[in-house]
Every structure is written in C-alpha cells, then in structure tokens.
Amino acid sequence: MNGKYENNIILSGGVRDLDKFHDSVQFIVKADTVVNAINLHNNMSLKFIVEKGVTLVFNVFDYAVSLETNVEIEADDEASFVMNVAFIAETKYDLNVETKLYGSNINGILNVRGINEREGTVKVLMNGTVAGETKGNVLNEYAKVLNKSDHSNVLIPNLIVNTNEVEANHGVSIGHIDERQLFYMMSKGLSKYSAVKMIEEGFLIDIMSDDIKQKIQNILVGR
Amino acid sequence: MLKIENLSIEVEQKRIIEDFSLSIPKDEIHVIMGPNGTGKSTILKTIMGHPDYKVTSGSIYYNNERIDTLQANEIATRGVFLVEQNPTEIAGVTNAEMLRAALTDRGIKESVFEFNKRLSLSCDRLGIDKSFLHRNINEFMSGGEKKKNELLQIDVLKPSLILLDELDSGLDIDSLRTLSNGLLEYKRETKASILIITHHTNILEYLTPDKVYILNGGRIMMEGGMELANKIEKTGFKGAFSISER
C-alpha cells in the first residue's frame with residue numbers, strides 16, 4: 001500500500017466510471033481499461049500504475065467551479081496510456097499531471113483542452129519523465145485553452161528525458177475562438193450563440209472516447 | 001432576386017471592389033470571372049455578411065430586402081448559401097448536429113425521427129453515404145468530399161441563392177460533373193439562382209451561365225453570355241482586356 005493514497009484498486013479491464021471511488025486512490029492497471037471521470041472532486045489525488053503491455057485510457061471531463069487535481073501515471077515496458085482532459089473553468093482550475101515512463105517501448109499521450117470562462121484562472125502543469133536506460137518510448141504532452149476572459153492561464157508542458165532513444169513532443173496554445181469556424185457556422189444559419197456553443201463544445205469533446213461523449217453532451221446541454 | 005447596386009468594399013482599409021453592380025433573377029446562373037486577386041471572392045464573402053469585408057458605399061438587396069447590414073446567419077436564414085473554396089473544418093461537431101442546429105435556428109422544429117428522415121432522404125437523393133452525417137464537419141475529408149458535404153447541406157437547408165466560390169478547386173473531373181449535376185437537379189426542383197466565381201471555364205461546361213461578368217481591378221470590365229466565357233478561354237484575361245481597350 002502506498003501511504004499517500006487511501007485506497008488501492010485493481011483495474012482488470014473494461015470501462016470504469018471513476019466517480020464511484022474515493023478522493024485518494026492508487027490504481028493498479030492489470031488489463032486494458034478505460035476509466036471515465038466526470039466532475040472530479042476538489043483536491044483529488046489519483047495514481048495509475050500501468051503494468052507491462054497494458055493500455056489505459058483515462059478520460060476526464062470537468063465543469064469546474066473550483067478544482068485542484070493531482071494525477072500520477074507510471075508505465076512499465078510495452079504499456080500505453082492516453083489521458084484526455086477537457087474542462088470548463090468557471091473560477092479556478094488547477095491540474096497537475098506527473099507521468100513516469102520506467103520501461104521501454106511505452107506510448108504515452110496527455111491531451112488537455114479547456115475553456116477559461118468568465119473569471120477563471122487556469123493552471124495546467126504536465127511533468128513527463130522518461131527514465132534512463134530505456135528505449136523506444138513515445139511521450140506527447142499537449143494542452144490548448146480557449147480564453148474567454150482576461151484572467152490568467154498557465155500551461156506548462158515539462159519533459160525530463162534521461163535517455164537518448166525517445167520521441168518526446170510537447171505543445172501548448174492559448175487563444176480565442178477561430179473566426180473562420182464562427183463565420184462558417186453562422187453562414188449556415190446558426191445564430192452566433194449557437195455557433196460559439198457548438199464550436200466550443202466540439203473543441204472539448206473531440207479528444208474524448210465515444211463512450212463518454214454522450215454523457216458530456218448531456219451535461220453541456222444545460223450550459 | 002439578388003440586386004447589388006454600386007457596391008464598394010474595403011478589407012483592412014484597402015479598397016478591393018469599386019462601384020460594382022449586378023442583378024440575378026430567380027432561376028438563373030451568373031458567373032464572375034477574372035484573374036487571381038481581382039476581388040471575386042470578396043464579393044461572395046460580402047454578400048454572405050463576412051465581418052471583415054466592409055461595404056463603404058452602395059447596397060445589396062435580396063428579395064427586395066437590404067441585406068448588407070445583416071449578419072451572416074440572418075442572410076443565411078433568408079435563403080443565401082455560400083460554398084467556400086476550401087470549406088472550414090470543425091472538430092468535434094458532426095454534420096448532423098450542425099444541420100439540426102441550423103434548422104432549429106431557422107425556426108424549423110421537428111422531432112428526431114422527422115429530422116433523421118429528412119437527412120436520410122437527402123443522402124439517398126444525392127447518393128451520399130449516410131455515414132457522412134456523423135462525421136465531423138469537413139474533417140479528414142478530401143476536396144471532393146468537402147464539396148459533396150456542402151451539397152448535402154444545400155439539399156437539407158433549401159437555399160434559394162447559392163454562391164459558389166471556385167467550386168472546381170481541388171476537384172477531379174468526375175467529382176466536378178457529379179456535383180454540378182447535383183446542383184442542376186436542385187436548381188430544377190427549387191428554381192434557385194446560382195452565382196459562380198471562377199477563373200476557369202471548366203465548371204461552365206456543366207453549369208451553363210445565363211450571364212458572364214469579367215472582373216479586373218475590382219471593377220466589371222466586360223459582360224455577356226457564354227460566348228464571352230469561351231472567348232476568355234481562347235484569349236486569356238489579358239488578351240480579352242487588350243481587345244476591349246482597343
């Protein structure tokens with residue numbers, strides 16, 4: 001048992017909903033598993049240990065008033081993980097993701113998309129570490145935020161690579177809604193309100209797995 | 001139907017179009033030809049209400065209503081449809097979702113069953129695979145698929161004026177023929193008007209124009225029928241302008 005976490009849970013495949021679990025959990029991923037999480041709790045700490053040859057897909061959607069979340073992912077040889085995070089920040093959104101690639105031939109992707117709405121402040125810190133004496137690893141960290149307020153956005157994609165044989169990429173962007181997309185949608189007869197809503201929501205759910213998309217859309221209907 | 005009177009247009013404080021006039025009656029095809037950079041696309045985007053294109057003088061009327069003061073969605077709901085040269089991709093939004101919102105914002109409220117039936121009929125009529133409806137708008141589509149997608153939108157949204165910006169751009173000859181036939185079929189059924197922008201005559205083999213305008217330097221230099229387009233094909237734009245000046 002890792003002392004930092006209240007619970008140890010074994011994931012042995014299939015699709016799981018995270019909201020059944022406690023605020024501080026260490027998951028041992030023993031078979032290919034999709035974990036879906038909608039609206040994480042504040043101060044949640046999660047750790048995934050992805051065992052050899054196993055794939056983890058972790059989809060997170062947050063419509064956050066105020067949220068601070070810490071996620072750790074550790075991966076062994078031949079493992080894969082994809083963490084997709086989409087959020088709408090009403091006030092504060094603070095996400096800290098640590099990834100550690102201890103083995104070789106691991107494929108890891110972090111994909112974060114958010115909308116900073118009204119008076120939100122956004123901080124996304126991605127720390128990826130590739131261990132020494134490993135080879136064939138791929139690690140990508142991406143974050144994009146659409147900014148609708150004048151408040152601050154901090155996106156930091158760190159990569160700490162201790163080996164020469166690795167493919168590691170990172171990229172972040174902070175911008176406004178794409179004016180070409182807005183004109184396109186309005187030229188089809190959508191009001192500006194409908195067009196903006198669809199473009200923003202499409203931007204968020206585009207990175208999500210199909211099995212969680214509908215749930216997110218149901219939440220966004222009332223936005 | 002569409003009437004443009006003495007229109008001048010600026011983009012980023014630069015005059016692009018000067019004193020441009022045009023009138024397109026119902027059920028007619030008009031074409032504006034001209035070399036690259038003469039402002040052809042500017043005219044279409046201005047008709048469609050693009051916010052970057054400023055009308056500095058003149059006016060645009062559609063069905064006797066002034067539309068150059070309206071926003072793009074207001075113009076679209078009055079029956080105008082723009083097919084852009086390279087239709088924009090929108091991630092995470094399917095064609096069906098966009099079409100449903102477009103119909104709703106037009107005041108057309110129908111059940112999911114009725115809506116699906118409408119889309120299904122359009123796909124069948126155009127020979128388009130129904131999987132198109134559930135693909136993200138223009139994402140990962142070839143040039144031909146994007147234009148086919150626009151044709152599907154036309155069939156669902158039923159515009160009465162279609163603006164085609166370089167429809168033949170990025171299309172092979174078979175795709176161009178298929179799309180043109182689809183547009184002609186739509187025009188036959190609805191008596192819609194079509195305004196084509198092109199610098200080639202390829203598309204005019206399929207969509208024969210009632211009137212041809214030659215644009216240069218932001219002004220109409222010549223106008224006529226299909227014979228003018230044929231002359232341009234033979235002489236090129238420079239040749240036509242020099243003959244005209246003499």
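Computed from a predicted model, the values in this text were never measured in an experiment. Because only heavy atoms are used, hydrogens play no part in the values below, and waters and symmetry mates are left out as well, while side chains stay in. Chain naming here is simple, since letters A, B, ... match the order of the sequence lines and numbering starts at 1 in each.
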Heavy-atom proximity to chain A below 4.5 Å, by part of I90(B): both
F58(A)-F48(A) aromatic ring centre distance below 6.0 Å: yes
Structural part of E97(B) lying under 4.5 Å from a heavy atom of chain A: both
I137(B), part contacting chain A, at a heavy-atom distance under 4.5 Å: side chain
Region of E200(A) in contact with chain B, defined by heavy-atom distances below 4.5 Å: neither
Aromatic F115(B) / basic R100(B) pairing, under 6.0 angstrom, 45° off normal: yes
D52(B), part contacting chain A, at a heavy-atom distance under 4.5 Å: neither
Centroid-centroid distance, Y213(B) to H30(B), less than 6.0 Å: yes
Partners passing side-chain hydrogen bond (donor to acceptor under 3.5 Å, both in side chains) against N127(A) (at least two apart in sequence or in another chain): E98(A), N158(A)
Proximity breakdown for L190(A) and chain B, heavy-atom pairs closer than 4.5 Å: both
R180(A) charged N/C atom sitting above F183(A) aromatic ring, 6.0 Å / 45°: no
